[in-house]
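Let me begin by presenting the structure, written as structure tokens, before commenting on it.
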2 protein chains.
Amino acid sequence: MDVVTALIRLTGLIQGIYARVSERHDLTPVQAKLLCVLLDGPRGMADLAQIFGVERAALTGLMDRAEKRGLAHRVPVPRDRRALQATLTDAGREAAAAFHVDITAELNRLTGDLTSDAGEHLRAALAEIIERHRAAPGPGGIGCC
Amino acid sequence: MDVVTALIRLTGLIQGIYARVSERHDLTPVQAKLLCVLLDGPRGMADLAQIFGVERAALTGLMDRAEKRGLAHRVPVPRDRRALQATLTDAGREAAAAFHVDITAELNRLTGDLTSDAGEHLRAALAEIIERHRAAPGPGGIGCC
DNA sequence: TATTGTTATACTCTATAACTATA
DNA sequence: TATAGTTATAGAGTATAACAATA
């Protein structure tokens, strides 16, 4: 198997795991990612749109649904009356934390069979690839999820 | 950066590249994947649904759109009058081939900076991970795309 | 009865364009 | 004028459930 095929297959594998874990927590993959981003702290809508690589209008619907499900809410910003900040509710924080634990465990299982040497080689190679191409924000966004 | 974070970031990076290349060829990522799968030969609808990890009903819409765009069409199966086979048109075959060349080049650039030693280590590690978890078909499906 | 594929319906996610309110 | 966020509309992709035709 050549490296390009391996990369595509790996991506499919990880997307599948991400989708499965999300579903297990009764979240869509995008919702799960939103919660994980917000775990780092509140974010403005435009900020989130940039992180997700989508238009601002897409965030409106995303937050509407998260809000309807009681996972997040919008809070006004004191100094700028146009701006809103997406913030986790307590339920949202719990859901995000639980998801994070679960997805981390599942993905760790993926590399758990490698020798520690091979694991470190892999980690280093991936880190180098990401470092060199960090221009692309895209899906995958910030932090871990 | 730990290996789990690296895996998620890499997945985001590759999804972004896949989306960008698809768009460059005026395809959605799912359409691009459909064309790539069909490049290996005609497939039944149920077969495709299984490869894509979706319900059969989803394939109906997918093929409707591909057919409307002149990229693929359904051909009857002689021995089973219930069955249909999704087949590429000439335009679809050309689009699939062009996409394949492009995505392969883009993804090769991703690992092009690695030393040949590091590249081989990476390839081997990914191949082992995929081998051990090949149970999951999921998105990523068959072959390269 | 089981399988193949479709239709109908509903939901999530996304883009574009036009809009409001505030800076 | 520029920015933050929304609304309206359209389309892709998906699931579920019910259905038709054939095996």
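In what follows, chains are A, B, ... by sequence order, proteins preceding strands, each numbered from 1.
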Nucleotide [N], atom [atom2] - distance to [atom1] of [X] in whole Å:
| X | N | atom1 | atom2 | answer |
| --- | --- | --- | --- | --- |
| A:Met63 | C:dT14 | CE | C1' | 17 Å |
| B:Leu27 | C:dT14 | CG | C1' | 17 Å |
| B:Gln50 | C:dG5 | CD | C1' | 16 Å |
| A:Tyr18 | C:dC13 | OH | C1' | 15 Å |
| B:Gln85 | C:dT4 | CD | P | 12 Å |

What are the two closest non-hydrogen atoms of A:Leu35 and A:Ala95, and how far apart are they?
CD1-CB, 4.0 Å
B:Leu39 and B:Ala97 have their tightest heavy-atom pair at CD2-N, 4.3 Å
Heavy-atom nearest nucleotide on DNA chain D taken for A:Arg82 and for B:Arg81; more 5' hit belongs to A:Arg82
Restricting to pairs with a member in [range], which pass salt bridge (Lys or Arg N to Asp or Glu O under 4.0 Å), not counting sequence neighbours?
| range | answer |
| --- | --- |
| residues 107-123 of chain B | A:Arg132-B:Asp113, B:Glu106-B:Arg109, B:Glu120-B:Arg123 |
| residues 92-103 of chain A | A:Arg24-A:Asp102 |
| residues 45-57 of chain A | A:Arg43-A:Asp47 |

Check the pair B:Leu62 / B:Leu34 against side-chain contact (heavy atoms from CB on, under 4.5 Å), numbers first and verdict last.
CA-CA 9 Å; B:Leu62 205 52; B:Leu34 175 62; 4.2 Å; yes
For the helix from C:dG5-D:dC19 to C:dA23-D:dT1, figure out the bend between the end axes, five pairs an end, and round to 10 degrees.
0°
Apply side chain to side chain contact (heavy atoms under 4.5 Å, CB included) to [X] and list each qualifying residue two or more places apart in sequence or on a separate chain.
| X | value |
| --- | --- |
| A:Ala91 | A:Thr89 |
| A:Ala118 | A:Leu114, A:Thr115 |
| B:Ala6 | A:Leu126, A:Ile130, B:Met1 |
| B:Ala32 | B:Tyr18, B:Ser22, B:Leu27, B:Phe99 |

Counted 5' to 3', the first and last nucleotides of DNA chain D within 4.0 Å (strictly under) of a heavy-atom of chain B are D:dA12 to D:dA23
Please state whether the phosphate of C:dC13, meaning OP1 or OP2, lies under 4.0 angstrom from any side-chain nitrogen or oxygen of A:Arg65.
yes
Protein N or O to nucleotides 6-10 of chain C N or O, pairs below 3.5 Å:
residue: C:dT6; atom: OP1; partner: B:Arg74; partner atom: NE; Å: 2.8
residue: C:dT6; atom: OP1; partner: B:Arg74; partner atom: NH2; Å: 3.3
residue: C:dT6; atom: OP2; partner: B:Thr60; partner atom: OG1; Å: 2.9

Enumerate the residue pairs fulfilling side chain to side chain donor-acceptor pair (under 3.5 Å) with a member in residues 74-85 of chain A, sequence neighbours excluded, ordered by first and then second residue.
A:Asp64-A:Arg74, A:Glu67-A:Arg74, A:Asp80-A:Arg82
